[in-house]
2 protein chains.
Amino acid sequence: MVNKKVVARLSSYRTALIRFHELGFVKVFSDTLAEAVGATSAQVRKDFSLFGISGNKKGGYQTDVLIEKLQSLLGKDRVQPVLIVGIGNIGTALLKYRGFEDEGIRIVAGFDLDPTKVNRKLKVPILPADEMPDFIREQRVTIGIIAVPDAAAQAVCDTLVAAGIRGILNFAPIVLRAEEGVVVNNVNLQNELENVIYFVNTLAKQIKGK
Amino acid sequence: MVNKKVVARLSSYRTALIRFHELGFVKVFSDTLAEAVGATSAQVRKDFSLFGISGNKKGGYQTDVLIEKLQSLLGKDRVQPVLIVGIGNIGTALLKYRGFEDEGIRIVAGFDLDPTKVNRKLKVPILPADEMPDFIREQRVTIGIIAVPDAAAQAVCDTLVAAGIRGILNFAPIVLRAEEGVVVNNVNLQNELENVIYFVNTLAKQIKGK
DNA sequence: TAGATTGTTAATCGATTAACAATC
DNA sequence: TAGATTGTTAATCGATTAACAATC
């Protein structure tokens, strides 16, 4: 069954493979790939078989063919327009991040309630929040990033979905409710950091306890 | 067994509980909490029992007591010093993010190779990369955030660990190798977005296919 | 008390890994 | 051919959920 975790691994395989390809590898074994992404070779083969990707018995996988297949699975064969709501710290960082463009992800606009942030002349324009629904409909954008304060996040989510957004990457630390058929992925940086802190402290205690 | 996922849920419970507390809730049921974080009530109770947190049969959990316990588990009872390596887009966003301070996370310094980014006069100073090891040792920092380009990430990781860092939040899209006892959490924003794109595209195809 | 909720055990579900036949 | 690697099935492992006795 295809779930979030499997697709995340596909992304990792892809990143690693591109690196291998740049290093001149023409073929790659499940073993090598597994090592690069921190998985097992069985898992690599299992994942591939799930998507009908096959290699050569004894010969491994042909790097370029494999990359091609992953590209297509991950929608890299065409440009994916994405918009960002909330031009604060995170929103700005993502807006400026040059790496997306190479990866077929195009940030098409930013939106913010604060009129002083609006700037239509930028290559990626920052527009007033109330222009969002029309923009989404006209440009047929289906993916959005929410980087607003948590109190505003659900309302933004509702507006996005009503206008036609089908997938959301959410940085606000709340569980967004959206209708069936809308994909929501959450990134909670504070929790991630807390997680690290927890394990560092627990390990430190364990060592002391010995 | 305590794993990353359980601790991530503790963080979510905590966030939700603080919200409940602000709304004046004196007690909360496993049911209510589950709903707020998108889990099941059985899971909430299971998680709590794992950490020896108990409530009152019939009476649920006392909000303030519960928050207190989670705070202590998650290391919120003291300030956690954290440093950031790589003052690019993400690094800058995290450096500026005001929310950490309220959460007991103090960004104590940023580090970058680029001398034009160095600025010792800021409240959170940005220092040259080569001062990192001494800084870590002198200030006894144990948590670091890596926000450098992927080609530099492993070297930065090695330097951090050698100087005494025990936990890393890594934004570079590679698997970092670190000795046993060092905690590494990865945040791969590109993969997260790719994930959303994948499912949006697959769902769209499914609907068309019908 | 009767009803509701916890805490925990057992059952289920899902994901990962081991193993090995097929085969290049 | 002999050796190595894939592709897949079965076994294992771990996490989630269901269920229910205890009890407030």
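Just so you know, these numbers use all the heavy atoms, side chains as well, and skip hydrogens, waters and symmetry mates. Predicted, not measured: the structure shown is a model, and the values here were computed from it.
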(message) Between A:R166 and A:T142, do the side chains contain a donor N or O and an acceptor N or O under 3.5 Å apart?
(response) no
(request) Would you kindly say whether B:N188 and B:E192 are connected by a side-chain donor-acceptor distance under 3.5 Å? (result) no
(message) In the structure I gave you, are the side-chain heavy atoms of A:V85 and A:L160 within less than 4.5 Å of one another anywhere?
(response) yes
(request) Let me know which of A:V141, A:V156, A:V183 forms a side-chain contact (heavy atoms from CB on, under 4.5 Å) with A:I165. (result) A:V141
(request) Among A:L23, A:L33, A:L17, find the residue that satisfies the side-chain contact (heavy atoms from CB on, under 4.5 Å) test when tested with A:T63. (result) A:L17
(request) Respond yes when some side-chain nitrogen or oxygen of B:R9 is under 4.0 Å from OP1 or OP2 of D:dT16, and no when none is. (result) yes
Nearest to the side chain of [X], heavy atoms from C-beta on, is which of [options]?
X: B:S30; options: C:dT6, C:dT17, D:dT17; value: C:dT6
X: B:K5; options: D:dT16, D:dA19, C:dT16; value: D:dT16
X: B:T40; options: D:dC20, C:dT17, D:dT17; value: D:dT17

Using whole Å, what does the distance between atom [atom2] of nucleotide [N] and atom [atom1] of [X] come to?
X: B:L33; N: C:dT5; atom1: CG; atom2: P; value: 14 Å
X: A:R45; N: D:dA4; atom1: CZ; atom2: C1'; value: 11 Å
X: B:Q43; N: C:dT5; atom1: CD; atom2: P; value: 19 Å
X: A:L66; N: D:dG7; atom1: CG; atom2: P; value: 10 Å
X: B:K27; N: C:dA4; atom1: NZ; atom2: C1'; value: 10 Å
X: B:F29; N: C:dT6; atom1: CZ; atom2: P; value: 7 Å

(request) Could you please name the partner base of D:dA15, counting Watson-Crick and G-U wobble pairs only when both distances are under 3.5 Å? (result) C:dT12
(request) Go ahead and name the base partner of C:dC24; Watson-Crick or wobble counts if both distances stay under 3.5 Å, otherwise write none. (result) D:dG3
(request) Please say whether more than 12 non-hydrogen atoms of neighbouring residues, nucleotides or ligands are located less than 6.0 Å from NZ in B:K117. (result) yes
(request) Could you tell me whether A:N3 contacts a base, only the sugar-phosphate backbone, or nothing, with contacts defined as non-hydrogen atoms closer than 4.0 Å? (result) sugar-phosphate
(message) Under 4.0 Å, heavy atom to any atom of DNA chain D: which of residues 46-65 of chain A qualify?
(response) A:K46, A:S49, A:S54, A:G55, A:N56, A:K57, A:K58, A:G60, A:Y61
(message) If the threshold is 4.0 Å, N to carboxylate O, is there a salt bridge linking B:E103 and B:R14?
(response) yes
